[in-house]
Amino acid sequence: MKSKDVRNNFLEFFKNKSHTIVSSAPMVIKDDPTLMFTNAGMNQFKEYFLGNGTPKSPRITDTQKCLRVSGKHNDLEEVGKDTYHHTMFEMLGNWSFGDYFKKEAIAWAWELLTEVYKIDKDILYVTVFEGNEAEGIPVDQEALNLWKEIIPEDRIIFGNKKDNFWEMGDQGPCGPSSEIHVDIRSAEEKAKVSGRELVNQDHPLVVEIWNLVFIQFNRKADGSLEKLPQQHVDTGMGFERLCMVLQDVKSNYDTDVFTPLIKEIEKITGTTYGNDEQVNIAVRVIADHIRAVAFAIADGQLPGNTGAGYVIRRILRRAIRYGFTFLNQKEPFISKLVGSLTDQMGEAFPELKSQRNLIENVIREEENSFLRTLDQGLVLLDQIVKETEGKTVSGKKAFELYDTYGFPIDLTALILEEQGLNLDEKEFEKELQKQKNRSRNASKVTSGDWEIVSEVENKGFIGYDHLDAEVKITRYRKVESKKEGELYQIVLDQTPFYPEGGGQIGDKGFLQSPDGEKVSVVDTRKENNLIIHLVKKLPKDVSVFFKAVVNSTERTKTAANHSATHLLHQGLRKILGTHVEQKGSMVQTDYLRFDFSHFSKVASEELKEVEDFVNARISENIPLVDRRAIPYQEAIESGAIALFGEKYGDTVRAVNFGESTELCGGTHVANTGDIWYFKIISEGAVAAGIRRIEAITSDAAKAYFTEQAEAYQEVKAVLKNAKDPVKAISNLQEENNELKKQIEVLLREKAKNLKGDLKNEIQEINGINFLAKKVDLDAGGIRDLSFQLGDEFDNLFLLFGTEQNGKALLSCFISKDLAKEKDLHAGKVVKDLGKYIQGGGGGQPFYATAGGRNPEGLNEALQKAIEFVK
RNA sequence: GGGGGAUUAGCUCAGCUGGCUAGAGCGUUUGGCUGGCAGCCAAAAGGUCAUCGGUUCGACUCCGAUAUUCUCCA
């Protein structure tokens, strides 16, 4: 069965069981602080399990693109070494939200596997949660009984809390799970050891394919469990593994999900998959990682050095590293695989197709920069090796190479090994651990349980129409972090406060109780579909009605920036072309930032055109057309631009200003005229193929122009109100250059004259040409003079003194030969004489200077100089 | 968010412990030679040593802040 059919059959099967098919959520997560990437099929439904939202249907099915780089069964460093772990994978799932439970979930899973996919019943095993006394959770008897009716008891295995009890995190919904495993070993192998022995033993051919989770508890902050009012089913089946079973191969990488990619890698690198284990690992690593990276970029996540971007960079660099070391690829090659990947998966995931150019560019650029890092690291490592005494290279040094210069540690180890050296790995680990602890401590957040204040219906955000409202606190909790200290998160029954999202920052303002107490709201965010208000202290009485007031001046400025962002987007597409796509946006109170795909620098004329375009729309006074809830399809058909990597519901909000239509949740001005004026401040690159524009509007633009005008007036005033200041300045510059040259000439002449005079004053003492004299030159002049005299006289000993800004300066020149011969050292001379001018100095044997704060002592110092040549 | 680096000529970099005439290679310009493979030879131009502040008689060098950038960790 082709992988495409495997996917379709799954979705069709559950559709026939009254499930609604939904599309995969983006792999990159935006409004959940505990998670960077979708790492399981359930992520996009988390809010439903938490009770913060209602699903559109109680039964849902989908295939979800997931990314896992850490966790109990997957560590990035392990991917590729075996045949069944991946960073990116697809998870097929079916869901029940308070609808059916264990009975149906188990029966349908069995039906699909054995009747649709026609997997031999005799190679399947199932696991059931054994219970945990310490936590007072009983055996999952219900699941056990259900399985007993379907499968012989000797193929049911009890699993412990680690394997068969699923938790989302330290807190929240959880419950027992039941896994289905499959044994695809040869008959011979099966005869030797029973598959039962190998379940959950990390055997590559006895693997878990489906996990059925029965969510029935809620874990509280103190660790205790309470029963949930509604029970849910959450299942996940690994798509790649399922394909392996159905295509009768022994490795995920031998399924048609991977073979086209592997063939392409063989072609590009001139290697063969299957002969050499190191090559095999490298090929698998690359085949796996290119998928993860390409999908992430398509979802809008570029490689970077913080957060999610850093994870993507690490994955990509790992692939480059394996290619570099084991496939001997010293030039960018991974970007060349994007075409093949797109051909293969572009149909199921159209974002790959439309983002293909960008994906290629970004990967190529990243490859180039990492190859440079490797080059630099090789040089540094060479140096470390040279400095190493004995056979063991310091772990601290290796850590520095890794931490500061980004040179991969396994490459260090490999190179050292080739040179017959070894690495102090313990020391390295110690350093790494230290660094990890530092980071962890700095970003630790502890949160308490939610305190429920009142159970009123949550009406959510009302801030499009209101900037203040009468509200009630529904719940609150305390959170503590090193950075922000102690804060309270408050949820209201309705709120005018806009939560940070869609690039727009969260509103600020205050809550006021009837007795006049004001609590200021420092920020507003969204977490799992709840709007959270951050306050420094709780009001005295949380149960009363409050007046919630948004800081309207800030909100107005932010709205102007947001609306201007839409017009900017429209203008860029109009003037640069429709390849321009939003790649990031930041709407703040005092400025806006817009990142977009574009292949080259935006010329200043183009910027001007864009600016003019936006300002033309502003002066047209176009009113806002705000359609709050229209069907997604309708919005798209009316020309709205949907962003890749955004999760949209069935109904969306469309924001129009004339021709500009965007799907947007942010706050806007009622009329473009309110933006007042739009001014681009800067344009630059953020990554390969991505440009960034920063701009200001309204008050900020006014302030900007005022400032510019003032600065201009000042310049003009300084130039005595010159008619053409630019010309006046360039005249000055020219004149200045001319004068500089003349001064140089004059100084040279002066020095020449001085030199002539001084030449006559040089006296011979003991065969040494000696002169000690006070001169009127600066340090540089003295230096030039000294060296010029040095060229003309052999055996020269010079000591010059001068006074500069009330400070004394001594400078001593001794011909190199003379210094050697008589064992003289100019540095010592000036240091010694420095005591007369209350200072010190030094230099090298033939030239040295000293300074001091007592010019009175200069004469004495000059008189004593003769002692050195006597 | 936390840590560690880097910022010196148009480019790639050297300049170790404060005093070194601030350098190299490539590139540029000029002149000369030359039938090739980065042609050869000679000369020149090009630097507020990222910015601001501090320590010091003296800072490219030490300290602090800022900016930009690389990198590791979360």
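Chain identifiers are assigned alphabetically (A, B, ...) following the order of the sequence lines, protein sequences preceding nucleic acid strands; residue numbering begins at 1 within each chain.
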What is the distance, to the nearest angstrom, from the CZ atom on A:Arg317 to the C1' atom on B:C70? 9 Å
Taken to the nearest whole Å, CZ/A:Arg692 to C1'/B:U69 is 14 Å
At under 4.0 Å between heavy atoms, what does A:Gly406 touch on the DNA or RNA strands: base, sugar-phosphate, or nothing? sugar-phosphate
Taking donor-acceptor contacts at under 3.5 Å, does the side chain of A:Asp403 reach the base of B:G5? no
What is the distance from NZ of A:Lys436 to C1' of B:G1, rounded to the nearest Å? 17 Å
Whole angstrom is fine here: how far is it from NZ in A:Lys434 over to P in B:G3? 15 Å
Would you mind reading off the distance between A:Gln838 atom CD and B:G58 atom P, rounded to a whole angstrom? 13 Å
Nearest-angstrom distance from the residue atom CZ of A:Arg853 to P of B:G58: 9 Å
Whole-Å distance between B:G3 C1' and A:Tyr405 OH? 14 Å
If you assign each of A:Tyr847 and A:Leu432 to its closest nucleotide in RNA chain B, which residue comes earlier from the 5' end? A:Tyr847
State, with a plain yes or no, whether a side-chain heavy atom of A:Ile312 is found less than 4.5 Å away from one of A:Leu67. yes
Are more than 12 heavy atoms from other residues, nucleotides or ligands located less than 6.0 Å from atom NZ of A:Lys46? yes
Tell me which of A:Phe846 and A:Gly852 sits closer to the 5' end of RNA chain B, going by the nucleotide each one is nearest to. A:Phe846
Could I get the full list of salt bridge (charged side-chain N to carboxylate O under 4.0 Å, His left out) partners for A:Glu367, not counting sequence neighbours? none
Quick one: look up who B:G58 pairs with, Watson-Crick or G-U, both distances under 3.5 Å, and put none if it's unpaired. none
Taking any heavy-atom pair under 4.0 Å as a contact, classify A:Arg372: base, sugar-phosphate, or nothing. nothing
What about A:Gln435: does its side chain form a donor-acceptor pair under 3.5 Å with the base of B:G2? yes
A:Glu400 has an atom CD; how far is it from atom P of B:C72, in whole Å? 14 Å
Does the plane of the ring in A:Phe399 sit parallel, tilted or perpendicular to the ring in A:Tyr402? Use 30° and 60° as the thresholds. tilted
